[in-house]
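No experiment lies behind these values; they were computed from the predicted model shown. Any value given below was found using the heavy atoms of this structure, including those in side chains, with hydrogens, waters and symmetry copies removed.
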Amino acid sequence: MNVSPFKQFLSSLSQISRWHFEVWHADRTVFSSNANRSKLPICRDIREIAIKAISNGTFQYACSQGNYELFGTPIKNGEKVIGALISYAQICAKESEIVGIVSPKNSHAEKMEEFLFDMLRLMEDKWTTENEMEEITEELTRRFEDIYLYSNIATRIKSLRFSSSMLKDLVGELLGAMRTELAFAKLPTRRDFDTIITKKEIDNKILQPAAFVDALIDAIPKKAVTFKDNYFMIADSEKTPRFEALYPKSFRFLAVKIIHKEDFYGWLGLVSLNPEEIFRRSELKLMSSVAEQLAMVIANTTMYDDLECFVINVVKSLVYAIEAKDEYTRGHSERVNRYAMLMATRLQLDQTQSKSLHWASMLHDIGKIGIPETILNKPRTLTHSEYKIIKSHSEKGCDILKPLKQLSPSLPGVLHHHERYDGQGYPLGLKAEDIPMLGRIIAVADTFDAITSDRAYRPGKTEKEALEIMENLAGTQLDPKLVDVFNEVLKEDLGEVQNDK
Amino acid sequence: MGNNKKVLVVDDEAHIRRVIEVKLKKHGYQVITAINGKEGLNLIITQKPDVVISDIMMPEMDGEALCKKTNSLKKERSFLTIILTCRISSDEESWTADMQDTLFIEKPFSPSMLVECIDQYFGGSSK
């Protein structure tokens, strides 16, 4: 009971009248306006009237020794009596001496009762307001936390593609914010993405969180009323069939469906072992909205992956279409791709570069689709103009792929795979390091495959012979450093790792 | 638990002052409040708080002016300044470059994280 707002008021009141005031909470004084109270002869009487007012819950009046008049008024919080307001004064012989609001002339019990009740009502109003204020502040603080969490999660979801690390961050964030002991994301179709995070202190209580979460999900009934709002919640596991045996103590469990339109991806859930904490509506709302956003991200990512896959497959079939025209080049693109990727690993290209190289090497000859078959498969030496047409395939390939945004980082590899290190190549005649890395790598892989493949006019050379020929091309046609790299990776690949030292 | 350190909260918005005040008091801090930079500055000089939490956009004297004025005071007596900001912009970075013991917390902020920050400054945890 907070009496501080009234201390001032009651003290002032006792200064301008002869009345003193006390506030009792249960069986003790929490405030007294009289500093010399302990010297009074009526201490026992005060106590008596206070206890009476509190236990009976009614207004009390008494006259005691030394001509003291005492009043006790119960202080209520709703229906419950939580204390008493006591007032007392010595009744004077001379009525004129009395100043202040409380006049002894009217010091009948009724008057005093009326006054005290009015005052109490004021106090109670103030107390209620204070209590409400406290509750509001507490709620406001929780809202602050919610908003912070919302904005944090929103930026997290927006800025990242769906991945296991993103999911881990997200679930960790939920665990921290929701005052629970365990949080999880469970995706039955993508088990590699399953994420369970527990507070450290309970690791030894739930021995196997993964098995526990599996059991929880199994225990969710197939039909639940709340499924129309996409969630399932139990407030006390001990009172819920199918859940009571899962854990030795009572726990609370909330699971929200990760669902986008008709596609169900899994569950986002929380487990709380603290019986004091209940799930609040705002938490359910937050979980639902997080699950909704997560579902959207998964759907988008899946769609994006599908789309990318589709585009790539279309393009791949184009490659097969060209290669089908010429039995000598069948499988060429895939072999060049394999050699190029072997080099990429050795060169420690990062993931993005590697991916670009992958598609560039796969598609480097796509421009040949625009070259007449008669020229492409001509067994005899090409005329000058025919050769010019053949040479246009790198630019044509680049033009064909340009509209595919996903492939734009690969274009330099396609355009420049016939540049020569000495600047004598095409289409631009770039020199040495001016030639994009992708182009230089593909040139090496392409040359090797050309030498080792059968042609209409000659059989293919062996790998060893090809490597020797390429040594001679290093520095003129090919990047010497990359020839060395290729030499190494190919020998390793052929199982001929040489420890030359 | 706070060690009875004194924290000044400067913000023109009553609900933000209230939330921070109650949260900090629960963690054992003494809290005083001001509704603008001018009032805040007076309290910094007279009450010598250990931490000043200030909003930026305020009438009379804003958070930037308050920071600049109090930075020189820190030579004699160090205290932590926490700026509550909507977004950390390059503009803010420029004027805070030479501010001592100044921390930024982005709005919307988490009251419990704010307390953790202050606990950490005094070298303890909230537990």
Review point. Does the pair B:M113 and A:E145 meet the rule for a side chain to side chain contact (heavy atoms under 4.5 Å, CB included), with working shown?
Key: CA-CA 9 Å; B:M113 263 178 53; A:E145 302 283 0; over 6 Å; no
Review point. Which bit of A:E138 is near chain B, if near means a heavy-atom gap under 4.5 Å: side chain, backbone, both or neither?
Key: side chain
Revision key, fill the gap. Here the gap from B:L114 atom CG to A:F144 atom CZ, rounded to the nearest 0.5 Å, amounts to 10.5 Å
Check your understanding: More than 12 foreign heavy atoms under 6.0 Å from NZ of B:K74: is that the case here?
Key -> yes
Review point. Around atom NZ of B:K6, are there more than 12 heavy atoms of other residues, nucleotides or ligands at under 6.0 Å?
Key: yes
**Study point:** Nearest-0.5 Å distance that lies between atom OH in A:Y148 and atom OG in B:S112
**Key:** 8.5 Å
**Study point:** Reported OG1-to-NE2 distance for the pair A:T141 and B:H15, which is rounded to 0.5 angstrom
**Key:** 10.5 Å
**Study point:** Neighbour count above 12 (heavy atom, 6.0 Å) for A:R143 CZ
**Key:** no
Point to revise | Heavy-atom contact with chain A under 4.5 Å, split by part of B:I16 | key: both
Check your understanding: Going from CD1 on A:I136 to CZ on B:R18, what distance comes out if it is rounded to the nearest 0.5 angstrom?
Key -> 8.5 Å
